[in-house]
Amino acid sequence: MKMKCSQVLMECLLEQGVDTVFGYPGGTILNIYDEFELHGYGEKIKHILTSHEQGAAHAADGYARSTGKVGVCFATSGPGATNLTTGIATAYYDSSPVVFITVNVPEALIGKDAFQEVDVTGITMPITKCNYLVRDPETLADVVREAFAIARSGRPGPVVIDIAKNVTLTEVDFESLPLSEHAKSGRLGKRLRRSENNLKAPEPDGEDIDKLLTMIGEAKKPLVLAGGGVIRSKDAVPEFIKFIEKLGAPVTTSMMGIGACPCDHPLYTGMIGMHGTRASNIATTKCDLLIIVGCRLSDRVALAPQHFAKKAKIVHIDIDRAEIDKNVKTDHHIIGDARRVLELINAKLPKYDYPGWREEVFAQKTKVAPASSGKATPKEIIDIINKYTDENTIVTTDVGQHQMWVAQYYNFKLPKQLISSGGFGTMGFGLGAAIGAKIANPDKLVIHCTGDGSFRMNYTEYATAKYYDVPIITVLFNNRALGMVRQWQALTAGRRFSQTTLDRGPDFVKFAQAFDFEAVKVSTKEDFDREFAKAVKSGKHYMIECDIETEDLVSPMIPGGAKSDEFLLD
């Protein structure tokens, strides 16, 4: 039937099962926004109007990470589109499936420096899996169907669709197709019929599986490292748990891999890398076989690539061939989806046990410093959060010291419990992500952990949380500083604290109260315990500002470029 492309877009979203869109309107995208009222799509797709496009991007990302579904975000041209770029890059580096839909100036004005014109596809090309500029109205439905397939397939990631404004007004013939038929027809069907463009994950090579099994049989001190790929791969975690329990070797994770193994599992040594545990980092220097599953081995994990796991044979399992030997040279690799690879390994893997090796590794567990008698320590705060929460909790963070404290001390049990910006390190990510996660998971408790520096970045999204009545508990670690940068200054720059002291407003409690949120400031663990219990029980939006010591540091700490056992703080 005939319909305008603005309506075609909405119909295509319904085909994909989209129930929520995060966005911010503007001049060029008005025809699409009109569809929420004109043809009643507002009754089928919930639109969340955020305070800023970056907040919308992070909210769509939080929605995607907490559900495994594709998030959707709308923005207008020019500054609306460029305000998305930080959120797009955040999703890209953490392999989060989000489709960003923008509308540019009319085709006749493209390239003419028109009002609010910008080359969206050019800007976002390096930070997307794929992007499109739709000039031909007849191609819009095919583009949308292909974009969603690309975003969710293989190694997930963001896709941008930029549409010329005149296209949104153009009528075309449109026939709705069920999602199950998309791979058989149109542009996506043609793509999938070309073997080199098949979006399915490659089937692991059986000989590669057998070679790994042989290497395991020869190993005396194996170590397993899980990254975000285990979290992103559908149903990979049960296979991963089966694998590590049959192997019986110590297990560590990158920050993005937290939740692949319960933090209280007897094989888990904690996070690896710059702020990872002593046990995990020492284990990499002593192991003779390192099995890596779905991890990029970035500079925060393999701080000195030439020395990383120097005594070990390194095996890298990843869905993305480009990650193999990119940062760390491997002795063997297996290309494939984490779930499928682990499934094939588990079918042949005998039971192993390494009690002596485990004892050697766990003997390196970092000893926790005794609690102070004054202000609550970060560990005490997170221990109290653990006390009142369970696996039905999602924790989002911003970036900085508080992020590392959460990664170190919170007892994550399941995948998708931790939502944090790992690869791009985006301050201001946490609040938008918390809103998206809570909207997607209304029955779960969502806790937003942040620092005073990060919270300032995007705290305008409190207006979004208020308007849509999104109850989140914000735990604000206030040390009156850009804590992580200050920590580096204290340890490596002679305590010259250039521009990292935040001795200024606002009064965070009054700010939260301006939105009619419950808000308190605490300094002792007893006060935090009391207020956090009240916050959980209330079911309302609640801010607890924690007055912590400026000198509280993240420990352990290994400086960039150092070996895994060269601790600056231990």
For the residue pair T389 / Y410, report whether a side-chain donor-acceptor contact shorter than 3.5 Å exists.
yes
Test side chain to side chain contact (heavy atoms under 4.5 Å, CB included) applied to V72 and I45, step by step
CA-CA 11 Å; V72 181; I45 300 174; over 6 Å; no
Name of the residue among E35, E11, H39 meeting side-chain contact (heavy atoms from CB on, under 4.5 Å) with M3
E11
Full working for side-chain hydrogen bond (donor to acceptor under 3.5 Å, both in side chains) between N104 and S77:
CA-CA 5 Å; N104 216 317; S77 64; 5.0 Å; no
Do R456 and P506 make a side-chain contact, defined as non-hydrogen atoms from C-beta onward lying under 4.5 Å apart?
yes
Any non-hydrogen side-chain atom of K444 less than 4.5 Å from a side-chain atom of K416?
no
Y33 and H47: aromatic ring centres closer than 6.0 Å?
yes
Would you sort out whether T168 and N166 count as a side-chain hydrogen bond (donor to acceptor under 3.5 Å, both in side chains), showing the intermediate values?
CA-CA 5 Å; T168 65; N166 58 289; over 6 Å; no
Check ion pair E171-K2 (N to O, under 4.0 angstrom):
no
What one should report as the nearest heavy-atom pair of E461 and T464 is OE1-OG1, 2.6 Å
Can you confirm whether or not the ring centre of Y462 sits under 6.0 Å from the ring centre of F455?
yes
Could you tell me whether the side chain of M10 reaches within less than 4.5 Å of the side chain of F36, counting heavy atoms only?
yes
For the side chain of S51 and the backbone of T460, is there at least one donor-acceptor N/O pair under 3.5 Å apart?
yes
Grab the two heavy atoms, one from K165 and one from T28, that are nearest each other, plus how far apart they are.
CG-O, 3.6 Å
Among R296, R155, R232, which one satisfies salt bridge (charged side-chain N to carboxylate O under 4.0 Å, His left out) with D320?
R155
Working note: E15 + H182, criterion side-chain hydrogen bond (donor to acceptor under 3.5 Å, both in side chains); need CA distance, chi angles, decisive distance, verdict.
CA-CA 9 Å; E15 287 179 350; H182 289 184; 3.1 Å; yes
Y41 ring centre to K44 NZ or CZ under 6.0 Å, with the angle to the axis within 45°?
yes
Say whether D119 and T121, considering side chains only, have a donor N or O and an acceptor N or O under 3.5 Å apart.
yes
Grab the two heavy atoms, one from I419 and one from A433, that are nearest each other, plus how far apart they are.
CG2-CB, 4.1 Å
I'd like to know whether R187 forms a salt bridge (charged side-chain N to carboxylate O under 4.0 Å, His left out) with E146, so could you lay out the CA-CA distance, the side-chain angles of the two residues, the decisive distance to 0.1 Å, and finally the verdict.
CA-CA 7 Å; R187 177 175 177 145; E146 185 176 83; 3.1 Å; yes
Looking at every non-hydrogen atom in both residues, tell me the closest pair between T450 and D398 and how far apart they are.
OG1-OD2, 2.7 Å
What class does the angle between the rings of H58 and F429 fall in, given that below 30° is parallel, 30 to 60° is tilted and above 60° is perpendicular?
perpendicular
Taking every non-hydrogen atom, the tightest pair across L502 and G453
CD1-CA, 3.7 Å
Assess, by modelled atom type and distance only, whether the side chains of T86 and Q54 contain a donor and an acceptor separated by less than 3.5 Å.
no
Pairwise distance CZ(R300) to CE(M404) - rounded to 0.5 angstrom:
8.5 Å
